[in-house]
Structures are given as structure tokens and as C-alpha cells.
2 protein chains.
Amino acid sequence: MGITKSEIFTEAQNRIATMAKVLGHPARISILQHLFQSDSCICGDLVDKIGLAQPTISQHLKELKNVGLIKGNVEGTSVCYCIHKENWLAMKALLNTFLDSDISTTSECC
Amino acid sequence: MGITKSEIFTEAQNRIATMAKVLGHPARISILQHLFQSDSCICGDLVDKIGLAQPTISQHLKELKNVGLIKGNVEGTSVCYCIHKENWLAMKALLNTFLDSDISTTSECC
DNA sequence: ACTATTAAATGCAATATTACAATAAAGAGC
DNA sequence: GCTCTTTATTGTAATATTGCATTTAATAGT
């Protein structure tokens with residue numbers, strides 16, 4: 001039904017999935033990489049560098065902002081987006097607890 | 001259009017996004033966690049432990065197999081799924097190169 | 001106030017995803 | 001061969017996502 005049954009999963013599982021999901025699109029990966037290199041924080045610059053229409057980029061920015069990975073500072077008519085470092089680190093920590101599941105693995109079944 | 005313009009992104013960006021995307025559903029997170037704990041490798045056990053229908057679990061397993069994160073050993077009538085350790089480590093490394101973008105960050109724009 | 005610039009919001013079309021019922025396939029045990 | 005068990009496949013419905021044209025909002029500069 002295109003709808004996810006989040007209620008049957010743990011809070012942690014849902015949070016991990018939500019974060020992974022927002023990273024699950026190359027445009028959003030690209031946006032984040034640009035913001036890290038801070039060669040283009042302004043929305044319009046991102047539109048130019050990535051080859052997608054302005055509304056599309058705007059929408060991806062919104063999703064990144066919704067999960068708290070970025071924040072936007074209004075500067076006159078343009079908006080300067082940057083990484084929300086604190087939340088980024090929290091996201092990284094969350095994903096790493098999951099990604100490091102292999103370390104504590106005991107048995108091998110096949 | 002529901003279709004991703006992968007051709008305008010780099011190989012790396014697409015691969016990172018693909019991996020993140022497959023981790024972007026709590027059922028798949030749950031499946032992987034179960035496989036790591038190997039308290040249930042058998043498909044049927046996963047169906048019991050996670051509260052989703054058998055075809056739904058089967059479909060999620062298929063997606064995890066498609067990106068290479070798990071492999072399935074047929075054992076009689078049942079199938080034993082396990083983590084594909086090599087590919088798991090490669091995925092981890094790939095995601096970490098991206099997640100560690102904050103480390104090499106120089107400037108602050110806002 | 002008027003105009004230009006920039007970004008967000010709206011509306012829409014095409015495609016993708018999630019979930020499951022029903023069915024098919026494949027092997028085990030008789 | 002027949003039946004049971006287990007998993008994959010197919011088909012379908014509901015919802016989500018992606019992308020963009022158009023419009024709106026908000027500010028800067030004149």
C-alpha cells in the first residue's frame with residue numbers, strides 16, 4: 001500500500017530507517033557534499049551545480065531540513081543552507097551503532 | 001515523476017544513495033539485526049518475529065539480496081539467510097567515506 | 001510603489017514502494 | 001505419486017516519491 005507499518009518496529013529501527021531513507025537519493029547526497037565543501041551554500045547555486053530544476057532542489061532541501069540534517073539562514077533574497085553539525089553527528093552515531101552490528105556478531109549459521 | 005535522474009550524478013553518489021535507500025525501511029533494518037543476532041536466519045522465523053506477511057518479508061529479503069547485503073542458502077524446503085560479510089564491510093566503508101565528510105570540513109558559512 | 005531576484009508552495013503526471021491475498025514452485029517424507 | 005511445508009512469484013490496491021511548470025511570497029534596489 002506504499003505505507004510503512006512503523007508501529008510494529010522499535011523507535012530505534014524507525015529512526016535509523018528514516019535517516020537512511022533521506023540519504024537514499026543521489027541529489028540529497030550531492031547537496032550534502034556541496035554543503036560540506038561549502039562551495040555553494042546558496043540554494044540557487046545548488047540548482048546550477050546539480051542539474052535539477054529549482055522546485056526539485058527546494059523540495060530535497062526541505063526533506064533534509066525536516067530530519068534536521070541542515071538548516072537555512074535567510075540572507076536577503078537568498079537562503080544560505082548549511083549542515084546542522086550537532087544533528088549530523090547524532091545521525092552518524094545512530095547509523096554507526098547499526099552499521100557496527102557486525103563487530104559484536106558471534107555465530108555463523110551459513 | 002517518481003523516477004530518479006541517476007545519470008546526472010556520480011557513480012559514488014548513486015552507489016551511496018542505493019545503499020542508504022535499501023536501509024531506509026524499518027523492516028529491512030529489523031531483518032538485518034535478526035540476521036546479525038542469528039536468532040533467526042530462516043525466512044519463516046523472520047515472518048514470525050517481525051509482524052509482516054510472508055510475501056512482504058520475502059520481498060524485503062529480495063531487495064537486500066539484490067544489493068548484495070545478504071545471501072540465501074537453500075536448506076531443504078527452507079532458506080537460511082545470512083549477512084554477506086564482505087559486501088557488508090564494503091557498504092560500511094562506502095557509507096563512512098560519506099558520513100565522515102564532516103571531518104575534513106574547512107569553512108563555516110553560516 | 002515598481003521591478004528584479006530568489007526561494008517556497010501548489011498542482012500535476014509518471015513512476016516507485018509497500019503490503020498482502022492468491023497462486024505457483026520446490027523439496028521432504030510418506 | 002501424494003501431501004505437507006516452506007518460500008517465491010504474481011497481481012492488485014493504496015500510498016509515496018520524484019520532477020517540473022506555474023504561481024506565490026519575500027526582500028533588495030531603484
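The sequence lines fix the lettering, A, B, ..., with proteins before strands; numbering per chain opens at 1.
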Is the backbone N or O of [Y] less than 3.5 Å from a side-chain atom of [X], with the two atoms forming a donor-acceptor pair by type?
| X | Y | result |
| --- | --- | --- |
| A:Arg28 | A:Leu23 | no |
| B:Trp88 | B:Gly68 | no |
| B:Asn14 | B:Ser6 | yes |

Inset, instruction - Please work out which of the three classes, parallel, tilted or perpendicular, describes the rings of A:His60 and A:His25, given edges at 30° and 60°. - result: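 A:His25 and A:His60: tilted rings.
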
Legend entry - Residue whose nearest DNA chain C nucleotide is more 5′ - A:Ser6 or A:Leu61: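 On the 5' side of the pair lies A:Leu61.
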
Inset, instruction - On DNA chain D, check which nucleotide each of B:Lys62 and B:Phe9 is closest to and give me the residue with the more 5' one. - result: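 So the residue in question is B:Lys62.
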
What is the distance from [atom1] of [X] to [atom2] of [N], rounded to the nearest Å?
| X | N | atom1 | atom2 | result |
| --- | --- | --- | --- | --- |
| B:Ile42 | C:dG27 | CD1 | C1' | 14 Å |
| B:Lys71 | D:dT7 | NZ | P | 19 Å |
| B:Ile50 | C:dC20 | CD1 | P | 12 Å |
| B:Lys5 | C:dA14 | NZ | C1' | 13 Å |
| A:Glu75 | C:dT5 | CD | P | 19 Å |
| A:Gln54 | C:dT6 | CD | P | 11 Å |
| A:Lys65 | C:dA8 | NZ | P | 6 Å |
| B:Leu52 | C:dA19 | CG | C1' | 8 Å |

Would you say [X] places a side-chain N or O within less than 4.0 Å of OP1 or OP2 belonging to [N]?
| X | N | value |
| --- | --- | --- |
| A:Lys21 | C:dT17 | no |
| B:Ser58 | D:dT7 | no |
| B:Tyr81 | D:dT6 | no |
| B:Thr77 | C:dA28 | no |
| B:His60 | C:dA19 | yes |

Legend entry - Among D:dT7, C:dA21, C:dA16, the nucleotide that comes nearest once only the side chain of B:Pro55 is considered: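 Out of D:dT7, C:dA21, C:dA16, the nucleotide with an atom closest to B:Pro55's side chain is C:dA21.
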
Legend entry - Candidate nucleotides D:dC20, C:dC20, C:dA7, ranked by approach to the side chain of B:Ala53 - the nearest: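 Taking heavy atoms from C-beta onward, the closest nucleotide is C:dC20.
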
Legend entry - Sugar-phosphate, base or nothing in reach of B:Thr56, heavy atoms under 4.0 Å: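 Base, at least one base atom sits under 4.0 Å.
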
Inset, instruction - Examine the side chains of B:Gln13 and B:Thr10 and answer whether a donor and an acceptor come within less than 3.5 Å of each other. - result: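 Yes, side-chain donor-acceptor contact under 3.5 Å.
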
Legend entry - hbond_proxy A:Gln59 side chain to C:dA8 base (donor-acceptor, 3.5 Å cutoff):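 Answer no: no donor N or O sits under 3.5 Å from an acceptor.
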
